[in-house]
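Scroll down for the structure; my scribbles are underneath it.
In this text, all values refer to a predicted model and were calculated from it rather than measured experimentally.
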Amino acid sequence: MQARSAKAGSGAKPGKAGKPGKSAQAGKAGSQGGSAKGAPAGKGSKAAASGQGGKGASAAAPGPSGPRPARLSAAAVLTAVEGVALAALGVYMLIDGLAGSPDSPRQAETGGLTVIALAVLPLVAARGLWLRRRWSRGPSLITQIVAFPVAWTLINGGGALIAAGIGLALVAIAVLGLLVNPTATEALGITPRE
């Protein structure tokens, strides 16, 4: 009785040398799944069936490693400042439309909500830059390009708006310079085109 249980547990019968046992077949399936550590029998075949081989592990890897360059940090902070300033302006316009006495309350409220919605783009871009996400460079660049007409409008407004317009233009130029710098592009994982 003990001899039979020993033969059943071996996985392959000694008389059939040409056919591997279940454990050998599972090991083969695990090695085809791309597992470098020699995964157990069930895990290797599941990884192969789900399409998660060596490529799946590298696709799930986080962005570039190493310390964040100061240029990228500065670009993220300046983009966030632009977003906060836009949000503050939108809140001011909304409150003025609701509680103040503008010429057109409905237009002030709509304008305030629009400016608050527009503030989301630079804030999301700033967070992406801070976390070194590759996609964040595009929205930040768009924000800076859109800032130039706004700065020009503020400068033409006269009075205290001239200083605000000049400040906005300078910030936009600074962020553009920081984002096209090779140090920042490499930190975001963007390689130059060949």
Arg132 side chain to Ala187 main-chain N or O, any donor-acceptor pair under 3.5 Å?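 Yes.
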
From [X] atom [atom1] to [Y] atom [atom2], the distance as rounded to the nearest 0.5 Å:
X: Thr143; Y: Glu82; atom1: OG1; atom2: CD; value: 6.5 Å
X: Leu113; Y: Leu118; atom1: CG; atom2: CG; value: 11.0 Å
X: Thr185; Y: Arg134; atom1: OG1; atom2: CZ; value: 10.0 Å

Side chain to side chain contact (heavy atoms under 4.5 Å, CB included) with [X]: which residues, sequence neighbours excluded?
X: Val91; value: Ile95, Ile116
X: Tyr92; value: none
X: Ala119; value: Leu86, Ala87

Residues two or more places apart in sequence or in another chain: which of them pass side chain to side chain donor-acceptor pair (under 3.5 Å) with Ser136?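 So Ser136 forms no side chain to side chain donor-acceptor pair (under 3.5 Å) with any residue.
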
Side chain to side chain donor-acceptor pair (under 3.5 Å) partners for Thr114, two or more places apart: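 For Thr114 there are no side chain to side chain donor-acceptor pair (under 3.5 Å) partners, ignoring immediate neighbours.
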
To check you understand the geometry: which heavy-atom pair defines the closest contact between Ala80 and Ala126, and what is its length?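 For Ala80 versus Ala126, the nearest heavy atoms are N-CB, 3.5 Å.
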
For Gly83 and Pro122, which heavy atoms make the closest approach, and how far apart are they?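 Nearest pair, atom of Gly83 first, then Pro122: CA-CG, 3.6 Å.
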
Hydrophobic clusters join Ile, Leu, Val, Met, Phe, Trp and Tyr when side-chain heavy atoms are under 4.5 Å apart, directly or via other members; which others share one with Val120?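 Listed partners: Val124, Trp135.
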
Under 4.5 Å side-chain heavy-atom separation, chaining through any Ile, Leu, Val, Met, Phe, Trp or Tyr, what else clusters with Val84? Say none if it is isolated.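 For the cluster that includes Val84, the remaining residues are Leu123.
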
Under 3.5 Å, side-chain donor or acceptor atoms of residues 66-78 against the rest of the protein: list the pairs with distances, not counting sequence neighbours.
unit_1	atom_1	unit_2	atom_2	d
Arg68	NE	Trp130	O	2.8
Arg68	NH1	Ser73	OG	3.4
Arg68	NH2	Trp130	O	3.3
Ser73	OG	Pro69	O	3.3

Check: residues 145-160 side-chain donor-acceptor pairs under 3.5 Å, at least two apart:
unit_1	atom_1	unit_2	atom_2	d
Thr153	OG1	Pro149	O	2.9
Asn156	ND2	Trp152	O	3.4

Check: residues 164-184 side-chain donor-acceptor pairs under 3.5 Å, at least two apart:
unit_1	atom_1	unit_2	atom_2	d
Asn181	OD1	Thr183	N	2.8
Asn181	OD1	Thr183	OG1	3.1

